[in-house]
Amino acid sequence: MFKDCIENVRRKQPLIHNITNYVTVNDVANVILACGASPIMSDEIEDVKDLISICNGLNINIGTLNKNTIEAMFLAGKKANELGHKVLLDPVGAGASRLRTTTSIQLIEEIKFDVIKGNISEIKTLALGNGSTKGVDADVTDSVTEESLDHTIIFLKEYAKRVNSIIAVTGAIDIITDGYQSYVIRNGRTEMGKITGTGCQLSGMMTAFMAANQDNVLEAIAAATCTMGLAGEIGWRNMQATDGNATYRTRIIDAIYRMDGDTLERGAKYEIR
Amino acid sequence: MFKDCIENVRRKQPLIHNITNYVTVNDVANVILACGASPIMSDEIEDVKDLISICNGLNINIGTLNKNTIEAMFLAGKKANELGHKVLLDPVGAGASRLRTTTSIQLIEEIKFDVIKGNISEIKTLALGNGSTKGVDADVTDSVTEESLDHTIIFLKEYAKRVNSIIAVTGAIDIITDGYQSYVIRNGRTEMGKITGTGCQLSGMMTAFMAANQDNVLEAIAAATCTMGLAGEIGWRNMQATDGNATYRTRIIDAIYRMDGDTLERGAKYEIR
Amino acid sequence: MFKDCIENVRRKQPLIHNITNYVTVNDVANVILACGASPIMSDEIEDVKDLISICNGLNINIGTLNKNTIEAMFLAGKKANELGHKVLLDPVGAGASRLRTTTSIQLIEEIKFDVIKGNISEIKTLALGNGSTKGVDADVTDSVTEESLDHTIIFLKEYAKRVNSIIAVTGAIDIITDGYQSYVIRNGRTEMGKITGTGCQLSGMMTAFMAANQDNVLEAIAAATCTMGLAGEIGWRNMQATDGNATYRTRIIDAIYRMDGDTLERGAKYEIR
């Protein structure tokens, strides 16, 4: 149950190591705290080697990758694999530059990711070897609609099996699949796209959820996704007439902070296929 | 009309590449989203080469420059020039260190900037080759007052002609000039100086405005400046008794998010000289 | 008096140079502004050399240290010592990785710090040469309680004398000592630990307070600590039913912005031992 997933995060308070971008890093840290876990950020190779062993999960986000941090990503990912720690990849902007595409593909080749999470353009890029990501947003021609849903699920299941990872595609409709079972999630609001970093925040929270629910990762990832979307719905209801995207950002993190298991169970909108 | 300038941003949703500092980067991203454009941040040379071609404008801000990012600034700027993309320079802290001063001057020598935007101390430093910037704030002895206004406009027009760029000087009174026509703007509040990064935010927004109004850059830059100042006025009106600079920061971004063309037209306080 | 300490910051507006982490840097800048000082952030060696001479205090925080920034920390610290500027060290995560531990210890060996400020696990690590920091949080087995207070004060006084620095340990009970006199502070709320960076914010504010109260550093550091804790109490009182850690973060900075000398005097909860 999703209720158990979030309560396990709050009870176990896993320590999450993040190699992430400097744009949204503060919000990622606050979201990890809001859901009950504890964040640490480090991208220096010498530092990463030791930190990875005291952490319970690793979140790799290539949003502002550079030569040094790429090296740290490979090292941290491999070390996490050795230690049996859960690892997530958020290939931000894969398809928008060759560096982002090739780095993501190489990371997936050399590291076993428990979860690869992106928008549909990023995931298509990785699965097909090329793509048309519009900066850090999905291309509209790629977007998942009710019409393209069945087809997209088949495509993602095939890719999940091929790379032996859970694939999480976020958008108006979210799809989470391990290649066999798929969660289709309809929480959230389009206005969340007007805040920088809700995707990065979700990646941090997913890592916390799977670190606290290691025997139940697929459900944990779905629970994290519903938590984020539902927080977007609750946060929106708390908006005043003069509020905009900056207040909305705060409201969403607040809603995660106050989310309890029962609220999540009642508010989660998903089907399993 | 300013109304058209902001509506063009919301309609065209230009993608803005930012090589900016890690202090205010999150707010810059949220402001670019608030005004209707889309941000991407990258300062890794390998990455920048590709991204620049899918973007519609480039914002270079030297707030936390380092050897690697300086190299990326030169590369990105030259590539943007080749592609005919609009480029803005925010020489944060020019005058406060030799590295900042010389980097800014070399950037201006090697790259054609559509806009150079700074406080009066930074711009004086660049025009005169030396200056007395107090950290990242203008020196009080430099500040633009009603008394020094005429003289300052003449000085800035001369510099604008010399470097063939629009010069935007922000402060209690803002001056935007292409060397021929000058906008003198009196929107804003002094309390905005108690928030880190309102200047950086404006640079991001200016880049979005000119990317969406390429035939009309001078007016677009003035419109962006009025939008920021007016948002500062509206945000202040929405403050409660216990609010301080942190809430004010949120209120300003919210006001940009809600700004429409008519509100901007009615609230803009400017004269053309 | 604490009242004088904060009023001196607002009156003198010292310029504070920060070599700090990219996670919490924006909040550090806004807190430095909120208390009346002015921040500048730079970690590039070429830049640091010049900036340090125009600043009134230096805040070194190793939260996301890397090879380049470590070099800048040594250079800036030594230069600040030469110039007689006040310098603070926040050894974030010392004990969690060898790089953090050895860097902190070497910094303390080569630079005279006016203040070393951390949680009890970090400070124990530095004093004893090893430790058990849980990521960036103190280990529960280390925590300062009423029972362990006397013993901890003795331990910290000894370490303060040994390194000739004021030692500031923050937690449920804060202890500030120069080896002779000790402030024991009981302001603050546990919920502050659910926001990333309140510790980093306090380090920035401490540096501002000591730069503006150079003849009275011990009291200034205690005053900054009470200001932070009291802001946490005031911010909490301003929370609404739907607010969480993101709003709380904003409320605390707001409360610092609005803090006046009399409020601080009345609200400060401390004893001198």
Side-chain angles (χ1 to χ4, degrees), chain B residues 20-30 41 43 62-70 92-103 121 131-140 191-201 239-251 253, chain C residues 13-56 64 66 68-69 72 201 231 234-235 237-239 246-259:
Chain B
T20 188
N21 68 74
Y22 61 79
V23 184
T24 65
V25 59
N26 185 270
D27 290 336
V28 171
N30 275 326
M41 275 67 184
D43 53 27
I62 68 165
T64 52
L65 80 181
N66 66 48
K67 288 183 194 74
N68 294 325
T69 57
I70 290 171
V92 180
S97 79
R98 274 162 292 187
L99 182 67
R100 289 168 190 254
T101 305
T102 57
T103 300
S121 295
S132 61
T133 311
K134 192 212 167 197
V136 292
D137 297 316
D139 194 285
V140 285
E191 290 87 351
M192 296 171 81
K194 289 292 181 185
I195 307 165
T196 192
T198 49
C200 305
Q201 294 170 27
M239 297 277 280
Q240 309 292 319
T242 56
D243 293 347
N245 64 332
T247 291
Y248 189 31
R249 162 214 195 190
T250 298
R251 289 273 159 236
I253 302 177
Chain C
Q13 302 179 39
L15 183 59
I16 305 304
H17 181 181
N18 300 272
I19 303 181
T20 188
N21 68 74
Y22 60 80
V23 184
T24 64
V25 58
N26 184 271
D27 290 335
V28 170
N30 275 326
V31 162
I32 288 174
L33 285 161
C35 74
S38 190
I40 189 161
M41 274 67 183
S42 174
D43 53 28
E44 162 60 38
I45 289 190
E46 284 303 314
D47 198 37
V48 156
K49 285 193 291 193
D50 287 348
L51 289 184
I52 200 74
S53 60
I54 60 165
C55 291
N56 309 106
T64 53
N66 67 46
N68 294 326
T69 56
Q201 294 170 27
I234 294 170
R237 287 203 294 269
N238 294 331
M239 297 277 280
T247 292
Y248 189 30
R249 161 213 194 192
T250 299
R251 289 272 159 239
I252 293 173
I253 302 177
D254 283 353
I256 295 169
Y257 182 85
R258 304 193 75 89
M259 187 75 66

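Throughout, a chain's letter reflects where its sequence line sits, starting with A, and its residues are numbered from 1. Since we're looking at a predicted model, the values are computed, not measured. All values below come from the heavy atoms of this structure, side chains included, with hydrogens, waters and symmetry mates left out.
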J.: Any salt bridge between Asp47(C) and Arg98(B), counting N to O under 4.0 Å?
T.: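 Salt bridge: no.
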J.: Given heavy-atom pairs under 4.5 angstrom as the criterion, report whether the side chain, backbone, both or neither of Thr247(C) touches chain B.
T.: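 Thr247(C) has no heavy atom closer than 4.5 Å to chain B.
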J.: For Thr196(B) and Gln201(B), which heavy atoms make the closest approach, and how far apart are they?
T.: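 So the two residues come closest at O-NE2, 4.3 Å.
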J.: Over all heavy atoms of both residues, which pair between Val48(C) and Ala72(C) is shortest? Give the atoms and the distance, please.
T.: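 Residues Val48(C) and Ala72(C), closest heavy atoms: CG1-O, 4.1 Å.
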J.: On a heavy-atom basis, which atom in Ile16(C) and which in Ala37(C) lie closest, and how many Å separate them?
T.: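 Scanning both residues completely, I find the closest heavy atoms to be CG1-CB, 4.3 Å.
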J.: Is it the backbone or the side chain of Asp27(B) that comes under 4.5 Å from a heavy atom of chain C, or both, or neither?
T.: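 Answer is side chain: those atoms of Asp27(B) sit under 4.5 Å from chain C.
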J.: Can you say whether Asn238(C) sits under 4.5 Å from chain B via the side chain, the backbone, both, or neither, judging by heavy atoms?
T.: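 Contact with chain B involves the side chain of Asn238(C) alone.
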